[in-house]
Amino acid sequence: MTDSIWHEVAPVAAVTEGCPFKALVSGVELGLYKIDGELFAIDDICTHAHALLTEGYLDGYIIECPLHGGCFDVRNGRGQGLPITADVRSYPVKIEGDAIYVAIDRS
Amino acid sequence: MSVDYDVLIVGAGHGGASTAVALRQQRFEGTIGLLGEEPELPYDRPPLSKDYLNGDKPWESMVFHSAKGWADRQVDLMLGCQVLEVDASAHRVHTKEGRSINYGKLVWAAGGMPRRLACDGHDLAGVHTLRARADADRMIAELPSVHEAVVVGGGYIGLEAAAALRTLGKKVTLLEALDRVLARVTAEPVSRFYEAQHRSHGVDIRLDAKVDRIIGKNERVTGVRLADGEEIPAQMVIVGIGISPVVAPLITAGAAGSNGVRVDAQCRTSLPDILALGDCAEHRNSHGDDDWIRIESVQNATDQGTIAAQAIMGEPCTYDAVPWFWSDQYDLKLQTVGLSHGHDQYIVRGFPETGSFAIVYLRSGVVIALDCVNAIRDYAQGRMLVRRRARPDPALLADPAVELRALA
């Protein structure tokens, strides 16, 4: 974690329960998800084809890519079976004051 | 009796591969054999009629896992093998190569074979069906000497192949026997939209067109003669008229089924320890009027693969996923949710002339399906309407300013 920087991404109020939130942070396309009050952040670009997961279908902790239906767990970025064969990165999230921060690796 | 595999999967396409992956994902610890007729590693099939055909997508990006990837998951691959006979009571299959394989559970995911024309000339060189990579590669090898092509069939495969060849600069004539393309699967506005789009790209679409024979010289196609006598010159004919399910060994072994092999909501056939799924499996879909149907889609194969894995693990499961499907032609992305068969009303949402619109299908006021063209948000949100069997105000459905999500 010493190689990561916390980036302010959005006001807490901007990310609502169950609604995928798209953000571009330090050149990284991210999707923020609030589920049961908890926040998660993963890469927004699907590993299968160039599509944005935040435009897809959220069911519990699973986001489904709108292009070919590939599913990821937003808690850890893990692909949930074919057609996904590679996970997306997942990032630590914290709240400080009334802002949401995501930790992005310096590299 | 000792089994060679606790689970033997016959068919290494989307359904078979998905079953193997799902079993390991669910921590199945038994042995798994994945047997397929094609010599290639299991791969993503849809690009064959789209960007693989027009040269945009490299083969390497279509393979699901490398040989090592399958070995890491402890799935034994048997490629280039064909099962000819199933001995259900002995729990054994016999292959064309002369091998006998004993199984604990058999998962039949053998898909379908493309239907061929029966007319004179149907087997001339240059006449192709498109299902496997080998088919696409044969077509690609001939393309340099093709200036004119005829596509027989105005379904998804035919339209996609027409788009790919037109994109490569070939002169393309598409023959559809019915009065509109995609007649069996979409409402008229979608058919007319695609006809107009293909025509604007220079494809000659002929409706109500029937093939009399394929004509050739020196065993190679030179053209297609229509029922009315017109002859269309062509150096390649692509036949996209559907598939017949590959299930003969199961039916011979006594499995129930008239349109493919019949399965229940856990993908079980009427034979003990034999499951089936994907393009070859007839099932009652809760989103399709509860009729027995066969769905030919990646979604159906993949999701039934997950169900089959759960059933094998003894977990309670029911196949009730909302069907969805996509088709890529030129820069048009068609995405469908649900099954529109049996709709009694449809709403046009947006304006087809803009190239982005959706059709919402209803039955007795309930949203049962959507066809979305370049309308990803409507597609993703429309899923919710179908899943929840929503009954929204049709006026709001027709208003593109109202998000579908708000009507769920």
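Each chain gets a letter, A, B and so on, in the order the sequences are listed, and its residues count up from 1. Atoms considered below: every heavy atom in the structure, side chains included; atoms not considered: hydrogens, waters and symmetry mates. Everything quoted here is computed from the prediction, not taken from an experiment.
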Would you find more than 12 non-hydrogen atoms of other residues, nucleotides or ligands less than 6.0 Å from [X] atom [atom1]?
X         : atom1 : answer
Glu29(B)  : CD    : no
Arg78(A)  : CZ    : no
Arg377(B) : CZ    : no

His68(A) portion near chain B, given a 4.5 angstrom heavy-atom threshold: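 It is both, since atoms from each part get that close.
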Taking side chain as everything from C-beta outward and backbone as N, CA, C, O, which of these in Ile84(A) sits under 4.5 Å from a heavy atom of chain B? Side chain, backbone, both or neither.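 For Ile84(A), neither part sits under 4.5 Å from chain B.
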Non-hydrogen atoms of [X] and [Y] that approach each other most closely:
X        : Y         : value
Pro66(A) : Ile376(B) : CB-CG2, 3.6 Å
Val21(B) : Gly81(A)  : CG1-CA, 4.1 Å
Glu55(A) : Ala380(B) : O-CB, 3.2 Å

Gln299(B) versus chain A, the contacting section by heavy-atom distance below 4.5 Å: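 For Gln299(B), neither part sits under 4.5 Å from chain A.
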Please flag which part of Ala22(B) lies under 4.5 Å from any non-hydrogen atom of chain A: side chain, backbone, both or neither.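 Contact with chain A: none, neither part.
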Residues from residues 41-77 of chain B approaching chain A under 4.5 Å (heavy atoms):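 Contacts with chain A: Asp44(B), Phe64(B), His65(B).
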Residues of residues 316-337 of chain B contacting chain A, heavy-atom criterion under 4.5 Å, by residue number: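 The stretch touches chain A at Trp324(B), Trp326(B), Lys333(B), Gln335(B).
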Separation between CZ of Arg405(B) and OH of Tyr57(A), rounded to the nearest 0.5 Å: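 Nearest 0.5 Å value for the CZ-OH distance: 12.0 Å.
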Taking every non-hydrogen pair under 4.5 Å, which of Arg24(B), Gln381(B), Arg387(B), His14(B) racks up the most with chain A?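 Looking at each of Arg24(B), Gln381(B), Arg387(B), His14(B) in turn, Arg387(B) comes out on top.
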